[in-house]
Protein chains: 2
Amino acid sequence: MIDTKEKILETAAQLFGEQGVAGTSLRQIIAKADVNLAAIHYHFGSKESLLDELIHRKADPVNRERLDRLCRLEAEAGDKPVAVEAILEAFFVPTAAAAEQNPLFVRVMGRIHSEGLMPAIVQKHFYPTAQRFVAQLRRAVPHLPEEEFLWRVHFMMGAMAHTMCGTPLFPADSADYHGRMRKLVTFLSAGFRAPATANGETK
Amino acid sequence: MIDTKEKILETAAQLFGEQGVAGTSLRQIIAKADVNLAAIHYHFGSKESLLDELIHRKADPVNRERLDRLCRLEAEAGDKPVAVEAILEAFFVPTAAAAEQNPLFVRVMGRIHSEGLMPAIVQKHFYPTAQRFVAQLRRAVPHLPEEEFLWRVHFMMGAMAHTMCGTPLFPADSADYHGRMRKLVTFLSAGFRAPATANGETK
DNA sequence: GTCTATACTGAGATAGAC
DNA sequence: GTCTATCTCAGTATAGAC
């Protein structure tokens with residue numbers, strides 16, 4: 001079948017989003033897509049490569065949009081650092097836009113971050129973009145010691161991954177992705193702007 | 001064997017912390033502990049129950065310490081709300097203390113949150129404590145609409161889980177758990193104190 | 001009560017026929 | 001390109017030795 005590959009990709013995107021990557025077996029995918037098990041390995045080679053192709057198709061455009069926005073902000077700012085809020089907005093708003101088109105897939109992106117599986121995929125598809133943003137963020141909060149800055153980036157990644165996975169444990173307008181991301185930006189911006197933690201004892 | 005059950009628990013704690021729960025097979029555990037495969041099912045019944053017992057032993061004391069601290073803060077404050085920083089410190093500092101004794105296990109706690117596996121275990125061991133803290137937090141930031149407050153709690157959980165999993169992608173004094181948790185408290189406190197997100201368009 | 005040996009089901013991966 | 005058959009290894013289950 002000519003469309004075998006596409007059918008596999010589409011079905012995998014749906015099931016990965018619903019059940020998580022680890023929680024979805026290749027056999028579930030082939031049953032739902034009505035193809036043979038070996039077809040996955042013929043077209044993709046492995047479950048990990050299937051995921052890689054999926055990320056490539058769905059996440060790369062999001063990252064391009066992120067970088068476009070960042071470049072525009074840098075151009076506007078000239079030599080001056082860009083504001084924290086603007087940087088974070090440039091990073092998170094494209095996610096919201098993607099989520100409106102394909103809510104399930106954004107959950108896949110969250111899951112590959114928080115499941116911690118397949119770090120090679122995260123590195124390949126998200127690192128180049130993330131590092132550009134981290135560099136600009138650094139300029140936006142020069143008051144922080146380097147180590148505390150990096151920890152805050154780490155905190156941000158955790159909050160982001162958890163938020164993209166969805167399933168907040170409370171009733172929420174789950175379709176309002178822009179609202180969710182803007183709340184995240186508010187929260188994280190304040191966190192980044194906070195003065196450095198003083199040295200001292202914890203009681 | 002002298003103490004098969006203890007050997008299994010200790011080995012499981014180590015491997016779960018190093019490789020994650022999903023990434024560790026029972027066969028790895030029994031090989032390293034030098035016991036029989038069925039011994040796990042005799043003593044625990046399943047992989048999930050083994051994890052449950054592990055959490056029970058290691059996390060419950062942490063949660064008791066958290067509640068003790070919270071109670072003391074409530075007593076000091078009388079009728080007035082407790083400060084955000086104090087609440088978060090009461091929650092996170094016991095984690096740091098536990099990490100100093102057993103660094104790997106704190107990573108296990110982070111993983112069960114972020115892997116999203118076995119939500120029943122999270123619910124059973126962490127919910128009662130978490131809800132007490134959420135209730136106090138609510139009083140500390142009365143300026144927030146309920147929905148935004150709950151989202152911020154969600155962001156906090158993500159940052160926490162990611163931080164406890166460890167593996168920051170930069171050189172850090174990985175033994176300084178108190179410093180790490182105090183930085184987390186600084187970051188999250190500022191996030192909670194931030195004014196509510198205004199309604200409006202995202203560009 | 002404890003533990004061993006063994007087997008069952010379902011996962012991902014692969015070789016080779018067509 | 002596609003499919004059958006098979007491999008290894010996962011978690012689980014059980015019968016029976018001590």
Side-chain angles (χ1 to χ4, degrees), chain A residues 1-57 108 111-112 114-122 124, chain B residues 1-57 108 111-112 114-122 124:
Chain A
M1 185 78 71
I2 289 200
D3 290 336
T4 300
K5 191 172 177 178
E6 294 304 317
K7 264 200 305 190
I8 293 170
L9 275 170
E10 213 42 54
T11 310
Q14 189 184 335
L15 292 177
F16 284 168
E18 285 170 4
Q19 313 175 342
V21 177
T24 300
S25 72
L26 296 184
R27 285 171 170 83
Q28 277 181 292
I29 297 172
I30 60 127
K32 185 154 184 156
D34 194 31
V35 299
N36 187 276
L37 175 60
I40 287 185
H41 289 94
Y42 172 73
H43 286 290
F44 303 98
S46 70
K47 188 180 185 179
E48 177 159 350
S49 299
L50 165 60
L51 182 63
D52 187 277
E53 174 82 18
L54 210 54
I55 305 281
H56 169 62
R57 296 204 182 189
V108 178
R111 283 192 190 270
I112 59 174
S114 57
E115 283 185 30
L117 307 168
M118 313 189 176
I121 290 187
V122 176
K124 176 176 167 188
Chain B
M1 201 56 73
I2 311 165
D3 220 344
T4 304
K5 191 171 178 181
E6 293 305 317
K7 265 203 304 191
I8 293 171
L9 276 169
E10 213 42 55
T11 311
Q14 188 183 336
L15 292 176
F16 284 167
E18 285 169 3
Q19 313 174 342
V21 177
T24 301
S25 71
L26 296 183
R27 284 171 170 84
Q28 277 181 292
I29 297 171
I30 60 125
K32 185 153 182 157
D34 194 31
V35 299
N36 187 275
L37 176 58
I40 287 185
H41 288 93
Y42 172 73
H43 286 289
F44 304 99
S46 70
K47 188 180 185 178
E48 177 159 350
S49 299
L50 166 60
L51 182 61
D52 187 276
E53 172 81 18
L54 210 53
I55 305 282
H56 168 62
R57 296 205 182 187
V108 177
R111 286 195 189 267
I112 57 174
S114 57
E115 284 183 29
L117 308 167
M118 312 187 177
I121 289 187
V122 175
K124 176 175 166 190

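Just the heavy atoms: all of them, side chains too, but no hydrogens, waters or symmetry mates, feed the values below. Please read these numbers as outputs of a predicted model, since none were measured by experiment. Every chain is numbered from 1, with letters handed out A, B, ... down the list of sequences.
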Check your understanding: At under 4.0 Å, does any side-chain N or O of B/T4 touch on OP1 or OP2 of C/dC3?
Key -> yes

Review point. Which heavy atom of B/I30 sits nearest a heavy atom of B/L37, and at what distance?
Key: CG2-CA, 3.7 Å

Exercise for review: List the atom of B/T4, the atom of B/A39, and the distance in Å for their closest heavy-atom pair.
Suggested key: CG2-CB, 4.1 Å

**Study point:** Atom-to-atom span, NZ of A/K7 to P of D/dG1 - whole angstrom
**Key:** 16 Å

Exercise for review: Send over the distance from B/D34 CG to C/dT4 C1', rounded to a whole Å.
Suggested key: 13 Å

Check your understanding: How close or far is atom P of C/dG1 from atom CZ of B/F44, stated in whole angstroms?
Key -> 16 Å

Exercise for review: Could you tell me the separation between the CG atom of B/N36 and the C1' atom of D/dG11, rounded to a whole number of Å?
Suggested key: 14 Å

Study note, to complete from the structure: Quick tally for nucleotides 11-18 of chain C: nucleotides whose base has a protein heavy atom under 4.0 Å get B, sugar-phosphate-only ones S, the rest -, giving BBBB----

Check your understanding: Once you round it to whole Å, what is the distance between P of C/dT2 and CD of B/E6?
Key -> 13 Å

Listed pairs under 3.5 Å, donor-acceptor, residues 47-55 of chain A side chains, sequence neighbours left out:
| from | atom 1 | to | atom 2 | distance (Å) |
| --- | --- | --- | --- | --- |
| A/K47 | NZ | A/V21 | O | 3.0 |
| A/K47 | NZ | A/T24 | O | 2.7 |
| A/S49 | OG | A/S46 | OG | 3.2 |
| A/D52 | OD1 | A/K124 | NZ | 3.1 |
| A/D52 | OD2 | A/K124 | NZ | 3.2 |
| A/D52 | OD2 | A/H125 | NE2 | 3.3 |
| A/E53 | OE2 | A/R57 | NE | 3.1 |
| A/E53 | OE2 | A/R57 | NH2 | 3.4 |

Check your understanding: Can you list every pair that meets salt bridge (Lys or Arg N to Asp or Glu O under 4.0 Å) and has a residue in residues 18-45 of chain A, with sequence neighbours left out?
Key -> none

Review point. Does the side chain of B/H43 get closer than 4.0 angstrom to OP1 or OP2 of C/dG1 through an N or O atom?
Key: no

Revision key, fill the gap. Correct closest heavy-atom pair for A/I29 and A/A12 would be CD1-CB, 3.9 Å

Point to revise | Closest contact, heavy atoms only, A/A33 versus A/T11 | key: CB-OG1, 3.4 Å

Study note, to complete from the structure: Separation of D/dT14 atom P from B/I40 atom CD1, nearest Å, is 17 Å

